[in-house]
Student: 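One structure follows; several queries about it will come next.
Since the structure is predicted, the reported quantities are computational estimates derived from the model, not experimental observations.
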Amino acid sequence: MEISPQAEPPVCKIMDYGKFRYEQQKKASEARKKQKTVDVKEIKLRPTTEEHDYHVKLKNARRFLEKGDKVKVSLRFRGREMAHQDLARDILERFRDDLADMGKLELAPKMEGRQMLMIVVPDKDQRVAQKS
């Protein structure tokens, strides 16, 4: 088995190839175990969401951001609510401002069909402060 082909002269080692492949698979599996996958958690709001419900959803979003997950905030419209998109944008901007200390905006509020979406990602500085 060639260990370092760039060296002068090239370095080689005699070994069992099956054992070598097995050890490589073990190292790869350990690396996969240690990596953190970023999940996208969704918070669903309505234009008529009351104050207490808003705070409950905000608390859940804070918890998701603390764990390091992205938060997708969606505000769904029904019927004539589509005429009041400015109110919905205000709700999402308020949500963004309330989460400003924990996360930053990845996707600004935008319309997609009958819902308005916004994505907030955890702030890296915040996570470093929590670990220490």
Side-chain angles (χ1 to χ4, degrees):
M1 171 71 40
E2 195 172 33
I3 301 298
S4 104
Q6 285 79 22
E8 195 57 46
V11 179
C12 295
K13 184 178 178 182
I14 297 173
M15 61 182 352
D16 180 12
Y17 186 67
K19 182 178 179 181
F20 173 74
R21 292 269 321 261
Y22 174 73
E23 287 173 1
Q24 292 292 341
Q25 286 176 346
K26 292 285 276 185
K27 285 181 187 174
S29 123
E30 278 298 315
R32 277 195 304 272
K33 280 184 192 174
K34 291 180 183 175
Q35 80 183 28
K36 167 78 169 95
T37 58
V38 177
D39 293 332
V40 178
K41 303 288 188 172
E42 186 172 11
I43 302 287
K44 293 184 179 181
L45 295 171
R46 293 288 314 275
T48 57
T49 302
E50 292 296 324
E51 195 65 26
H52 179 264
D53 297 330
Y54 173 84
H55 287 292
V56 170
K57 306 253 185 204
L58 184 66
K59 186 172 124 186
N60 288 334
R62 286 182 172 279
R63 192 179 72 221
F64 296 149
L65 289 173
E66 283 175 6
K67 289 183 181 177
D69 297 328
K70 290 183 178 185
V71 177
K72 174 181 171 184
V73 184
S74 64
L75 201 139
R76 182 167 292 250
F77 296 99
R78 282 194 196 151
R80 294 183 184 174
E81 291 173 348
M82 287 290 287
H84 302 288
Q85 293 179 17
D86 53 331
L87 296 175
R89 190 172 300 278
D90 293 342
I91 292 171
L92 288 181
E93 288 174 358
R94 177 180 166 206
F95 206 84
R96 178 199 63 207
D97 293 341
D98 290 342
L99 291 176
D101 60 328
M102 301 202 62
K104 58 185 177 187
L105 210 60
E106 182 181 65
L107 179 72
K110 69 172 192 169
M111 283 298 293
E112 281 189 7
R114 285 196 156 272
Q115 65 181 2
M116 192 174 284
L117 297 176
M118 173 178 79
I119 297 180
V120 181
V121 294
D123 195 9
K124 295 199 182 338
D125 301 331
Q126 179 66 24
R127 284 192 283 169
V128 171
Q130 286 177 352
K131 288 181 182 177
S132 50

Student: For atom CD of Glu50, decide whether the heavy atoms of other residues, nucleotides or ligands shown that lie under 6.0 angstrom number more than 12.
Tutor: no
Student: Does a salt bridge link Asp39 with Lys72, judged by any charged N lying under 4.0 Å from a carboxylate O?
Tutor: no
Student: What verdict does the side-chain contact (heavy atoms from CB on, under 4.5 Å) test give for Leu92 and Val73, after you've listed the backbone C-alpha separation in whole Å, the side-chain angles of each residue and the deciding distance to 0.1 Å?
Tutor: CA-CA 8 Å; Leu92 288 181; Val73 184; 3.5 Å; yes
Student: Please determine which of Lys44, Glu42, Glu112 meets the side-chain hydrogen bond (donor to acceptor under 3.5 Å, both in side chains) test together with Ser74.
Tutor: Glu42
Student: Heavy atoms, side chains only, cut-off 4.5 Å: are Asp101 and Arg62 in contact?
Tutor: yes
Student: Is the shortest side-chain heavy-atom distance between Lys110 and Met116 below 4.5 Å?
Tutor: no
Student: Given the rule in the side-chain contact (heavy atoms from CB on, under 4.5 Å) test, do Val71 and Leu65 qualify, once you have shown the distances and angles that lead to the verdict?
Tutor: CA-CA 7 Å; Val71 177; Leu65 289 173; 3.9 Å; yes
Student: Any non-hydrogen side-chain atom of Leu99 less than 4.5 Å from a side-chain atom of Leu58?
Tutor: yes
Student: With the side chain counted from C-beta on, respond yes when Ile91 and Thr49 share a heavy-atom pair under 4.5 Å apart, and no when they do not.
Tutor: no
Student: Is any side-chain heavy atom of Leu75 closer than 4.5 Å to one of Gln115?
Tutor: no
Student: In Å and rounded to the nearest 0.5 Å, what is the CD to CG distance from Glu93 to Asp98?
Tutor: 12.0 Å
Student: Which atom pairs, one a donor and one an acceptor, fall under 3.5 Å between side chains of residues 7-24 and the rest of the protein, sequence neighbours left out?
Tutor:
unit_1: Asp16; atom_1: OD1; unit_2: Gly18; atom_2: N; d: 3.4

Student: Dump the intermediate steps for side-chain contact (heavy atoms from CB on, under 4.5 Å) on Lys104 and Val121, then the final yes or no.
Tutor: CA-CA 6 Å; Lys104 58 185 177 187; Val121 294; 3.8 Å; yes
Student: Should Phe64 and Lys59 count as side-chain neighbours, where that means a heavy-atom distance under 4.5 Å?
Tutor: no
Student: Atom CD1 in Ile119, atom CZ in Arg96: separation rounded to 0.5 Å?
Tutor: 14.5 Å
Student: Do any side-chain atoms of residues 79-87 form donor-acceptor pairs under 3.5 angstrom with protein atoms, and if so which ones, sequence neighbours left out?
Tutor:
unit_1: Glu81; atom_1: OE1; unit_2: Arg46; atom_2: NH2; d: 2.8
unit_1: Glu81; atom_1: OE1; unit_2: Arg78; atom_2: N; d: 2.8
unit_1: Glu81; atom_1: OE2; unit_2: Arg46; atom_2: NH2; d: 2.7
unit_1: Gln85; atom_1: NE2; unit_2: Met82; atom_2: O; d: 3.3

Student: Are Phe95 and Phe77 connected, step by step, through hydrophobic side chains (Ile, Leu, Val, Met, Phe, Trp, Tyr) whose heavy atoms are closer than 4.5 Å?
Tutor: yes
Student: Verify side-chain contact (heavy atoms from CB on, under 4.5 Å) between Lys70 and Glu106, making sure each step is shown before the conclusion.
Tutor: CA-CA 9 Å; Lys70 290 183 178 185; Glu106 182 181 65; 3.2 Å; yes
Student: Minimum heavy-atom separation for Leu105 and Pro109, please, with both atom names.
Tutor: CD2-CD, 4.3 Å
Student: Can you tell me how far CE of Met118 sits from CG of Leu45, rounded to the nearest 0.5 angstrom?
Tutor: 8.0 Å
